[in-house]
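The structure under discussion appears below in the form of structure tokens.
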Amino acid sequence: MTKLNLKPKDFLVILTGAGISAESGIKTFRDSDGLWENHSVEEVATPEGFANNPILVWKFYKERYYQALSVSPNPGHIALVDLEKKLNKNFLLVTQNVDGLHDRAGSKSVIEMHGSLNTCFCTNCKKKELMSDVDLNPDIPICSACGKMLRPDIVWFGEMPYRMNEIYKALDKATVFMTIGTSGNVYPAANFIAYVRNRGARTIGVNLEKPENMAYIDEFFQGKAGDILPSIL
Ligand code: NAD
């Protein structure tokens with residue numbers, strides 16, 4: 001397979017999605033049925049869903065948290081760690097994933113724009129806590145500071161993704177942009193590729209199926225990220 005041949009002066013921004021973690025054993029979002037692990041998006045990934053049934057939503061994210069802890073990074077995650085070592089500061093990895101696998105693989109410059117399964121925060125005083133420090137036995141875990149309800153530190157549909165200013169600063173510098181394992185239909189992340197390409201950046205895609213934003217991809221590698229990334233990077 002042809003190598004990407006990145007130049008030392010390139011500034012690379014990568015966007016990853018659920019597909020890069022599929023080979024670690026974590027299901028993607030809408031797999032084939034429009035559901036996330038048998039639940040509708042409205043039920044488990046919206047503020048309204050949490051308001052309607054916090055016990056169900058907490059049960060869902062506790063399961064996701066324990067599942068993520070039980071799996072390991074795969075060769076796709078590891079190829080991105082090696083790439084970051086080569087590019088040093090000219091590298092930013094933005095992930096929509098909440099599983100923490102980039103971090104556990106050893107990636108340093110990572111923005112988890114949709115939050116993380118490894119943290120939660122108080123619905124009242126906003127104190128952030130590590131899930132590993134929280135008593136997860138109650139149906140709805142409680143804040144250690146004010147005793148009110150905690151919620152998962154996940155950016156739900158209708159909420160503002162994290163660190164957008166930093167992301168757009170990097171997109172403004174990017175000479176190369178890669179999208180990996182993402183269907184291209186969750187916004188605003190799905191727009192990043194059009195934004196950088198309109199600035200003249202080179203765009204690369206690695207995905208099992210053609211994503212929604214295929215029209216903006218200059219070089220497309222179809223297949224599994226764990227097979228393709230180690231061979232093109
Ligand atoms: P998505 O499920 O909508 O799309 C996944 C894409 O990955 C699909 O286009 C699929 O063809 C592709 N894919 C599947 N296996 C692959 C592989 N082995 N290699 C390369 N590509 C592969 O995911 P999304 O676009 O990331 O949007 C889902 C949203 O749900 C995100 O915002 C994320 O926060 C959340 N989510 C996260 C996780 C996780 O953290 N692992 C898992 C499920 C959902």
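For ligands, and for the atoms within them, numbers begin at 1 and follow the listed sequence.
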Checklist entry - Are there more than 12 heavy atoms of other residues, nucleotides or ligands under 6.0 Å from atom CG of Asn88? => result yes
Checklist entry - ligand 1 versus Ala18, non-hydrogen atoms closer than 4.0 Å: side chain, backbone, both, neither? => result both
Next on the checklist: If you measure every N or O of Glu23 against every N or O of ligand 1, does any of those distances drop under 3.5 Å?
Outcome noted: yes
Checklist entry - Among Gly205, Ala190, Gly181, which residue places a heavy atom closest to atom 6 (C) of ligand 1? => result Gly181
Checklist entry - Are any of the N or O atoms of Lys27 closer than 3.5 Å to those of ligand 1? => result no
Checklist entry - When only distance counts, is Ala22 in polar contact with ligand 1, meaning an N/O pair under 3.5 Å? => result no
Checklist outcome for this item: ligand 1 to Gln96, heavy atom cutoff 4.0 Å, flagged ligand atoms 26 (O), 31 (C), 32 (O), 33 (C), 34 (O)
Item to check | Gly223 to ligand 1, any heavy atom closer than 4.0 Å | outcome: yes
Checklist entry - Could you go step by step and tell me if Ile20 and Leu80 meet the side-chain contact (heavy atoms from CB on, under 4.5 Å) rule? => result CA-CA 11 Å; Ile20 197 167; Leu80 299 186; 3.8 Å; yes
Checklist outcome for this item: Check: of Thr28, Asn207, Asn185, min heavy-atom distance to atom 12 (C) of ligand 1 comes from Asn207
Next on the checklist: Using a 3.5 Å cut-off on N or O atoms only, is Gly17 in polar contact with ligand 1?
Outcome noted: no
Next on the checklist: So that I know where these two stand, are Tyr168 and Tyr195 an aromatic pair - ring centroids less than 6.0 Å apart?
Outcome noted: yes
Item to check | ligand 1 to Lys224 polar contact by distance, N or O atoms, under 3.5 Å | outcome: no
Next on the checklist: Heavy atoms only, cut-off 4.0 Å: how does Thr182 contact ligand 1, side chain, backbone, both, or neither?
Outcome noted: both
Checklist entry - Purely on distance, is any nitrogen or oxygen of Ile20 under 3.5 Å from one on ligand 1? => result no
Next on the checklist: Within the structure provided, determine whether Tyr65 and Pro152 are in side-chain contact (heavy-atom separation under 4.5 Å).
Outcome noted: no
Next on the checklist: Under 4.0 Å, heavy-atom basis, I'd like to know which part of Val186 is in contact with ligand 1: side chain, backbone, both or neither.
Outcome noted: side chain
